[in-house]
Amino acid sequence: MYAMATFAVLVALGIALVRAFLGPTVFDRVLAVNSVGTKTVLLIALLGFLMGRPEFLDIAIAYALINFIGVVAVLKFVKYGDFAHSGEELGGER
Amino acid sequence: MSLALDAASWLLLLAGGAFVIIGAVGLIRMPDFFTRLHPAGLTDTMGAGLILLGLLLQAGWTIVAVKLAIIAVFLLFTSPTSSHATARAALAAGLRPLLTGEAGKEKDRAP
């Protein structure tokens, strides 16, 4: 039962990676990597259940947190070119 | 009782897996960045929600179920936020949605 869901998530992971490679703009890649991150969270949770290791879910929680922060960090880096900006003085529109 | 739980979680896991694959295929086939936002959001909310719910039924009233609920609630909050942030960043960078019928050639003026 878990194996089929795990297989489905793995196939979807591969397809999302293809979009990450093909993606013409950097934002397609950010979207694909965000989707890969969410699927990895699901994969970790499913593997935790598949192998009878409930502590995997802590890893999945941490991964979900970091995935979100990573996406926002990449977006800030794409917009401002570096992390030093706070966004106000460059006239960053709201 | 446990048979009903197993059957329900089995169904939920399959439906979640199907939605995850549908979202991934949608990510490939959509012509433009802004149309791809929809399947990406679809996987995050529907696919993840059903799979985590299926696992939740299997976990029963344990701490594992609490962790699964935490993951589900967290994904529910952050996935729309990250999709929104990506869309705003794309618009700020000058990427315009594909409005008229020129689906063939993808006009991407983003850096």
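It should be emphasised that the depicted structure is a prediction, and the values quoted were computed from it without experimental measurement. Here is the naming used below: chain letters follow the sequence lines, and residue numbers restart at 1 for every chain.
- Note on A/Val33 and B/Leu42: separate hydrophobic clusters, where clusters join Ile, Leu, Val, Met, Phe, Trp and Tyr whose side-chain heavy atoms are under 4.5 Å apart, directly or indirectly.
- With a threshold of 4.5 angstrom between heavy atoms, A/Met1 approaches chain B through its backbone and through its side chain.
- Summarising the geometry, atom CZ belonging to A/Arg19 is positioned 11.0 Å from atom CE belonging to B/Met30; distances are rounded to the nearest 0.5 Å.
- The side-chain heavy atoms of B/Leu55 and A/Leu46, taken from C-beta on, include a pair separated by under 4.5 Å.
- Hydrophobic clustering (ILVMFWY, side-chain heavy atoms < 4.5 Å, transitive): A/Val11 and B/Phe19 are in distinct clusters.
- B/Val66 and B/Leu57 fall within a single hydrophobic cluster, where Ile, Leu, Val, Met, Phe, Trp and Tyr are joined by side-chain heavy atoms under 4.5 Å apart, directly or via other members.
- Taking hydrophobic clusters as Ile, Leu, Val, Met, Phe, Trp and Tyr residues chained together by side-chain heavy-atom distances below 4.5 Å, A/Ile66 does not share a cluster with A/Ile69.
- Rounding to the nearest 0.5 angstrom, the gap separating the OG1 atom in B/Thr86 from the CZ atom in A/Phe27 is 8.5 Å.
- Atom-to-atom distance recorded for B/Arg36:CZ and A/Thr25:OG1 is 7.0 Å, nearest 0.5 angstrom.
- Side-chain atoms of A/Ser35 and B/Leu27, non-hydrogen and from C-beta on, do get closer than 4.5 Å to each other.
- Interface remark: B/Leu14 contributes side-chain atoms only to the contact with chain A (heavy atom separation under 4.5 Å).
- Residue A/Val9 touches chain B through both its backbone and its side chain, counting heavy-atom pairs closer than 4.5 Å.
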task = Quick one: do A/Leu57 and B/Leu68 satisfy side-chain contact (heavy atoms from CB on, under 4.5 Å)? Show the steps, please.
result = CA-CA 7 Å; A/Leu57 289 176; B/Leu68 281 168; 3.8 Å; yes
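- Nearest heavy-atom pair, B/Ile21 versus A/Ala8, reported as atom, atom and distance to 0.1 Å: CG1-O, 3.6 Å.
- Only one option out of A/Ile61, A/Leu42, A/Leu65 pairs with B/Ile71 in a side chain to side chain contact (heavy atoms under 4.5 Å, CB included); it is A/Ile61.
- Within the 4.5 angstrom heavy-atom criterion, atoms from both the backbone and the side chain of B/Ala89 approach chain A.
- Between B/Asp44 and A/Asn34 the shortest side-chain heavy-atom distance falls below 4.5 Å.
- Shortest non-hydrogen contact noted between A/Pro54 and B/Val64 is CB-CG2, 3.4 Å.
- When B/Ile51, B/Ile70, B/Asp6 are compared by the number of non-hydrogen pairs under 4.5 Å with chain A, B/Ile51 comes out ahead.
- B/Ile63 does not touch chain A: none of its heavy atoms, backbone or side chain, sits under 4.5 Å away.
- Top candidate by heavy-atom pairs under 4.5 Å with chain A, chosen from B/Ala85, B/Ala40, B/Ala48, is B/Ala48.
- Only the side chain of A/Val41 comes within contact range of chain B, with heavy atoms under 4.5 Å apart.
- Remark: A/Phe68 CZ to B/Phe77 CZ distance equals 12.0 Å, nearest 0.5 Å.
- With a 4.5 angstrom heavy-atom cutoff, B/Thr62 does not touch chain A via any of its atoms.
- Counting heavy atoms from C-beta on, the side chains of A/Asn67 and B/Thr78 never come closer than 4.5 Å.
- Hydrophobic clustering (side-chain heavy atoms under 4.5 Å, transitive across Ile, Leu, Val, Met, Phe, Trp, Tyr) groups A/Met4 together with B/Met46.
- Considering every non-hydrogen atom in both A/Ile15 and B/Ala24, the closest pair reads CG2-O, 3.3 Å.
- Among A/Phe49, A/Tyr63, A/Tyr2, the residue with the largest count of heavy-atom pairs under 4.5 Å with chain B is A/Phe49.
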